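Notes follow the structure.
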There are 2 protein chains.
Amino acid sequence: MPATASRPLRRDAQRNRERIVEAAREVFATRGFAATLDDVAHHAGVGVGTVYRRFPTKEALVEALFTERIAAMVALAEECLADPSAWDGLTRFMTAACRVHAEDRGLRDAMLSLGMKKRFPEAGDRMETVIVELVARAKAEGTLRPDFDATDVPIIFTMVSDIGGAGPQAYERYLRLVIDGLRVCSRNAPLGDPLTRDEVIVMLSGCVPAVRPRSATAP
Amino acid sequence: MPATASRPLRRDAQRNRERIVEAAREVFATRGFAATLDDVAHHAGVGVGTVYRRFPTKEALVEALFTERIAAMVALAEECLADPSAWDGLTRFMTAACRVHAEDRGLRDAMLSLGMKKRFPEAGDRMETVIVELVARAKAEGTLRPDFDATDVPIIFTMVSDIGGAGPQAYERYLRLVIDGLRVCSRNAPLGDPLTRDEVIVMLSGCVPAVRPRSATAP
DNA sequence: ACGGAAGTTGAGTAGTTCCCTCCGTTTAGA
DNA sequence: TCTAAACGGAGGGAACTACTCAACTTCCGT
């Protein structure tokens, strides 16, 4: 891997780059992947060309914006795995994830879209295994209903974060409702079979916007 | 109301009209309001022009397709209101509504989109009051948690029916999960304040596709 | 059997959105 | 001062979609 240590940016270019990243954070946070690079440029007070000079595609900008934040989410999940109470660990993770998704729709789209696996394969795998463990541990503890499945977690994230439009706190109410349905309770009706991973993928691809590719050339 | 009793359609035109309606039902059921009238025409084996001759706009077709079915949903809600068990009445209604939404995405879009109020104002009002009663009755019965609100019902419909992409049965699992969270239970965490009607409207407009107008002329 | 009204067709129009490029102009900094 | 780097933003081009229209076809009353 040849270190692409190109010469440092000119001072104005560096400043603009920072402006672009900051503007992108804001614009993506509110509009998600639906945000346009024209939006970002305008918000940053620079021309579109400048954005494309720094980030050759929208994809590149997305990667630059979210790599770090997704790693932080994985770290959080791992930290929750260490919670002495499995139930608290799982629900803390779910609550924190939903809050983050509500506050930053871009991060939501990055984590839940199909592109996740392509863009951040390592983080994605790690996240998946940690979620499996969080769920297994809470079932073993006897607090999480046994018919719940790890594949339900991203679906719940998607469902709940769709509420985002109604204000940043709105998700909380419905997440709580769902979490109250997660506890073992003698009156619970059985859930039946969980979704397969493929079904989850289909579902996410239908609900979470993708970065629209310039031209669709399927391999 | 001047009976627009124009002369009866020619036989071939009548047959085509029926084909169009049937094709539209199928296409809208799977693609929702995202379906194109070109899709419908193709599916019906006629030209687009024929569709537009019968239904001057997409709106008109939507109205023709869903007026009756929405009235049926209102009737169902009223029937559930007569259930001796308020809990069963409410959950039966919610389950039936979600099943219908899963089976016919067009009906879902018609019932949950903002256009509902403009297109079917009477049915919309009636539905709203019946839901309020269903919820009040179940709270009075002591089975529904008291911090639940009637405005939560359409939100739950939206959340759950978003799962539709993963197959027609997928919604069931998550609806059950949510319903299990609706029962009074000493371990339930308080939900806090419900969404205002305006917040509900914002949320729905963000999640449910509208019939795209020919040109955007905001009043 | 025929004339004309009703019906059909589908390429085309017009509006919109959005990713990205290009080139004439500006500016940092040696 | 001079040059390479950076900038701006109009516009290319592709995709999508609601809808139109002029040339053609079919029904049906007489």
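Given the structure is predicted, the values throughout are model-derived calculations rather than measurements. So you know, we letter chains A, B, ... as the sequences are listed, proteins then strands, and number each from 1.
Candidate nucleotides D:dA6, C:dA28, D:dC28 were compared by shortest atom distance to the side chain of A:Leu9, and D:dA6 ranks first.
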One pair to check against side chain to side chain contact (heavy atoms under 4.5 Å, CB included): B:Arg105 and B:Thr30. What are the steps and the verdict?
CA-CA 6 Å; B:Arg105 195 162 187 85; B:Thr30 56; over 6 Å; no

Pair A:Tyr171-A:His101, ring pair (Phe, Tyr, Trp, His ring centres under 6.0 Å): steps then yes or no:
CA-CA 9 Å; A:Tyr171 80 94; A:His101 292 165; 9.2 Å; no

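Applying salt bridge (charged side-chain N to carboxylate O under 4.0 Å, His left out) to B:Arg173 and the options A:Asp152, A:Asp149, A:Asp147 leaves one that passes, A:Asp152.
Contact check for A:Asp162 versus A:Arg108: side-chain heavy atoms found under the 4.5 Å cut-off. A:Met127 has its side chain out of reach of A:Ile70: every pair of non-hydrogen atoms, C-beta onward, lies at least 4.5 Å apart. Contact of the A:Leu61 side chain with the A:Phe28 side chain is registered, since non-hydrogen atoms from C-beta on lie closer than 4.5 Å. When side chains are defined from C-beta on, A:Phe55 counts as touching A:Arg17, because their heavy atoms get closer than 4.5 Å.
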For each nucleotide in nucleotides 17-24 of chain C, reading 5' to 3', give B when a protein heavy atom comes within less than 4.0 Å of its base, S when such contact involves only the sugar-phosphate, and - otherwise.
-SBBB---

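When the side-chain nitrogen and oxygen atoms of B:Arg53 are compared with OP1 and OP2 of C:dT8, none of them lie within a distance under 4.0 Å. For D:dA6, neither phosphate oxygen OP1 nor OP2 lies less than 4.0 angstrom from any side-chain nitrogen or oxygen of A:Thr50.
If you take CZ of B:Arg17 and C1' of D:dT26, they are 20 Å apart, rounded to a whole angstrom. Atoms CG (B:Asn16) and P (D:dT26) sit 12 Å apart, rounded to a whole Å. As rounded to whole Å, 10 Å separates atom C1' of D:dC7 from atom CD1 of A:Ile20. The interatomic distance linking A:His42 (NE2) with D:dG9 (P) rounds to 9 Å, in whole Å.
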Please tabulate, one pair per line, each protein N/O and nucleotide N/O from nucleotides 25-27 of chain C that are separated by under 3.5 Å, including the distance.
from, atom 1, to, atom 2, distance (Å)
C:dT27, O2, A:Arg10, NH1, 3.4

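Note on ring orientation: taking the six-membered ring where Trp is involved, the planes of A:Phe33 and A:Phe66 are tilted (angle from 30° to 60°).
Within the 4.0 angstrom heavy-atom criterion, only backbone atoms of the sugar-phosphate kind lie near A:Arg54; the bases stay farther away.
When atom types are taken as modelled, the side chain of B:Thr67 and the backbone of B:Glu63 share a donor-acceptor pair closer than 3.5 angstrom.
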